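Note that the numbering runs from 1 along the sequence shown for the chain. Here the structure is a predicted model, which means the values were calculated and not measured.
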Amino acid sequence: MFGSGGLWLIAHFLIGNILASRITYTEDINATCAGYVRKIETSNSGDGGGSFRYMYVSPIFNYFYDGERYEAVYDDFVIGQDSDIALGQTVPIRIDPRHPEGIMSPATKHKGAAVFGLIMGILFLGATGFMVYWVLSGNVSDNDMTVEWNPIIENAYNEEEETVPTEPTLPQVTDEWLEETFASTISGKDWYVETATVASYTTEEDGYIVTFDNDTMMKAMVHTEPKVGDTFTVFYMIVDENLEYGMYYKALFTYFTEGEGEYTGSHTAYQG
């Protein structure tokens, strides 16, 4: 997966960006701006700290090509709320003559994205080579388990032997351990704990975005596939600016699922 991803990044960003005007968008024509299309994309921080919204915009272009009238937008929208092309303005654009509704975006011309993609592709290929070497050298066992992504689960492992304790007891999650482990996140602020049930989830590149059945709880990124109805013990802080809306004001900073731990501290749910 890393190897194919690296090759795709190199091909997509290097050829797709740098050579797009020579290979794909080869026809210059004039077009008139007849309006605008805007869209919003939301990106979650991944640590329960909320989400970020990005605005993208493209003019709607009217133009004729080979006797046919087209109305189309950029193939890649530009980040921003407003376009630099005025309504009714006629400007030159580059289109794909094989698919005349395809318009080259100004974002395609940015070499920074191509360089970044090239670097990431090389890193992915390097990671592929390292993993192949690591496996072939016999350093990977079927018994290996990576738990560093969740400190609560990692805490259940024996620190000296890095094996699961033989006693069938759940790890004890204390207030002291939480405040020490997440000191930079908590920073002396009030925090709370309660149970939350999974209402739905979506699959993302880095894991799964969980929506809880309580709309006061922000969505959260988890790294193992949940099930609708799963119960999470969630630890969170309050986002004050969201309190006035009465929803999405509980920002999760860690969690464990049923059977992964037992909270023994004194904190309770937020009583607003």
Side-chain angles (χ1 to χ4, degrees), residues 42-52 143-204 206-272:
T42 302
S43 173
N44 289 276
S45 64
D47 58 1
S51 60
F52 302 92
N143 296 323
D144 290 343
M145 179 180 291
T146 301
V147 295
E148 291 81 358
W149 58 267
N150 192 332
I152 291 179
I153 299 177
E154 184 181 15
N155 191 46
Y157 284 71
N158 186 286
E159 293 182 356
E160 296 181 357
E161 298 180 358
E162 296 184 357
T163 57
V164 178
T166 56
E167 293 293 330
T169 58
L170 295 176
Q172 304 295 294
V173 181
T174 64
D175 292 342
E176 292 77 15
W177 181 83
L178 286 163
E179 290 178 353
E180 178 181 354
T181 304
F182 299 97
S184 61
T185 301
I186 296 174
S187 298
K189 299 177 182 177
D190 292 333
W191 57 274
Y192 308 88
V193 57
E194 64 181 87
T195 58
T197 302
V198 176
S200 63
Y201 68 92
T202 58
T203 303
E204 302 292 336
D206 298 328
Y208 305 88
I209 301 296
V210 171
T211 300
F212 297 104
D213 61 353
N214 184 343
D215 62 8
T216 64
M217 188 74 62
M218 286 185 177
K219 295 181 180 181
M221 169 74 78
V222 302
H223 297 273
T224 56
E225 184 173 5
K227 296 179 180 177
V228 174
D230 280 355
T231 300
F232 282 40
T233 299
V234 295
F235 302 86
Y236 60 90
M237 294 188 297
I238 300 300
V239 180
D240 294 333
E241 53 266 32
N242 289 356
L243 279 173
E244 61 179 301
Y245 303 110
M247 58 193 305
Y248 304 126
Y249 56 79
K250 297 176 181 178
L252 180 150
F253 63 85
T254 192
Y255 70 93
F256 60 80
T257 59
E258 185 176 355
E260 289 182 339
E262 180 182 3
Y263 176 62
T264 59
S266 60
H267 287 244
T268 59
Y270 174 75
Q271 301 294 330

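- A distance-only check finds a donor-acceptor pair linking the side chain of N242 to the backbone of Y248 [under 3.5 Å].
- Taking OG1 of T197 as the start and CG of D213 as the end, the distance is 4.5 Å to the nearest 0.5 Å.
- Closest of all the heavy-atom pairs between A251 and M218 is CB-SD, 3.9 Å.
- With rounding to the nearest 0.5 Å, the separation of CZ in F253 from OG in S184 is 10.5 Å.
- Using a 4.5 Å heavy-atom threshold, the side chains of V193 and V234 count as separate.
- With contacts defined as side-chain heavy-atom distances shorter than 4.5 Å, the pair Y192/H267 does not qualify.
- Remark: L252 CG to T185 OG1 distance equals 11.0 Å, nearest 0.5 Å.
- A ring-centre distance under 6.0 Å is not found for Y263 and F256.
- Side-chain contact between T216 and M247 is absent, with no heavy-atom pair separated by less than 4.5 Å.
- Here the shortest heavy-atom pairing between V198 and P226 reads CG2-CB, 4.5 Å.
- Using modelled atom types, one side-chain atom of Y236 and one backbone atom of Y270 make a donor-acceptor pair closer than 3.5 Å.
- Annotation for E258: atom CD does not count as buried by contact number, only 12 or fewer foreign heavy atoms lying within 6.0 Å.
- Sorted by first then second residue, the salt bridge (Lys or Arg N to Asp or Glu O under 4.0 Å) pairs that include residues 224-239, not counting sequence neighbours, number zero.
- Using bins of under 30°, 30° to 60° and over 60° for the plane-to-plane angle, the ring pair Y255/F232 lands in the parallel bin.
- Distance check, rounded to the nearest 0.5 Å: OG1 of T211 to OH of Y201 gives 12.0 Å.
- Atoms OH and OG1, on Y208 and T202 in that order, are 10.5 Å from each other to the nearest 0.5 Å.
- Within the structure, the salt bridge (Lys or Arg N to Asp or Glu O under 4.0 Å) test picks out the following pairs touching residues 170-195 (sequence neighbours left out): E194-K250.
- The CG atom of L178 sits 6.5 Å away from atom CD1 of I186, with the distance rounded to the nearest 0.5 Å.
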